[in-house]
Every structure is written in structure tokens, then in C-alpha cells.
Amino acid sequence: MFEIVKLIWDVFVIRDATRRGQMSWRIWAIAIGFVVFLYGTGLPAVMLYEAHPQYKPLFMAVMALDGAAFVWFMIWGIRRYAANRSR
């Protein structure tokens, strides 16, 4: 039941952000691309490492890449939020 309430709340928040001009097709594309990138790199690396522990260096490299991408995305999001807030 609580999940339904959260989903409904998210719809209103996204709708409000769209009205304010903070949400556009470009933002959606970047966010979806980010999620696809993380799943597309992280999930196969984890599955490979579970089946073949000798690939630990590859697993660590992919996790470092995903961590760096996550930090970059958060910095981009915070900067975008700050720019929209100052308007």
C-alpha cells in the first residue's frame, strides 16, 4: 500500500517539475541512459565475478567506473538544480 502512495507522490512531483521547466525530454533521456549504463555494466560484471572469481580485477574496474559515473551524475544534477533554483 505504501508503494502506491509513493508512486502517486512521484507523479505529482514530476508533474510539478515539468510545469516549472525543470523536466524535459533531454533530462529524461540522460536519466534513462544513466540507468541503462549502470545496469549494462554493473550487472554483467557482478554475474561474471560470481561465476568466475578470478575476474576480480575486471569487477573492481567496472565498479570504479560505475562509481565515477555516479559521482559525475550527482555533481551534474546538483549543479543543474542550483542553476534552476537561482532563476
Side-chain angles (χ1 to χ4, degrees):
M1 176 66 182
F2 186 66
E3 291 296 321
I4 293 173
V5 172
K6 285 176 27 181
L7 287 172
I8 292 170
W9 178 255
D10 288 346
V11 167
F12 284 112
V13 170
I14 291 171
R15 188 173 166 204
D16 183 54
T18 302
R19 284 184 181 165
R20 292 182 184 187
Q22 297 170 344
M23 188 71 71
S24 66
W25 65 270
R26 182 174 171 226
I27 300 302
W28 280 100
I30 290 170
I32 290 170
F34 175 70
V35 170
V36 167
F37 173 78
L38 288 183
Y39 273 97
T41 57
L43 192 60
V46 168
M47 292 172 57
L48 179 67
Y49 177 64
E50 285 180 353
H52 304 282
Q54 68 268 24
Y55 288 115
K56 186 176 183 177
L58 177 63
F59 170 73
M60 297 300 287
V62 170
M63 291 301 111
L65 175 67
D66 283 357
F70 178 77
V71 169
W72 172 81
F73 191 74
M74 290 299 112
I75 290 171
W76 176 80
I78 291 168
R79 290 181 69 197
R80 181 165 176 81
Y81 175 77
N84 282 338
R85 195 164 184 214
S86 65
R87 285 184 189 174

Self-check item: In one Ile/Leu/Val/Met/Phe/Trp/Tyr side-chain cluster, 4.5 Å: L65, F70
Solution: yes
Quiz item: Quick one: do W72 and F37 end up in the same hydrophobic cluster if we chain Ile, Leu, Val, Met, Phe, Trp and Tyr together by side-chain heavy atoms under 4.5 Å apart?
Solution: yes
Exercise. Check the hydrophobic clustering (I, L, V, M, F, W, Y; side-chain heavy atoms under 4.5 Å; chains of links allowed) and say if L38 and M74 are grouped together.
Key: yes
Exercise. Please round to the nearest 0.5 Å and tell me the distance separating atom CZ of F34 and atom OH of Y39.
Key: 11.0 Å
Exercise. Test I32 against every option in V35, I30, V36 by the side chain to side chain contact (heavy atoms under 4.5 Å, CB included) rule and name the one that passes.
Key: V36
Quiz item: Should side-chain heavy atoms under 4.5 Å link Ile, Leu, Val, Met, Phe, Trp and Tyr, which residues sit in the same cluster as I75?
Solution: V71
Exercise. Step through the shown structure and confirm whether more than 12 heavy atoms of other residues, nucleotides or ligands are within 6.0 Å of CH2 on W28.
Key: no
Self-check item: Spacing of CZ belonging to R80 relative to CZ belonging to F73, to within rounding of 0.5 Å
Solution: 10.5 Å
Exercise. May I ask you to list the residues sharing a hydrophobic cluster with F59, side-chain cutoff 4.5 Å, ordered by chain and number?
Key: V46, L48, Y49, Y55, L58, M60, V62, M63
Quiz item: NE2/H52 to CE/M47 distance, rounded to the nearest 0.5 angstrom?
Solution: 10.5 Å
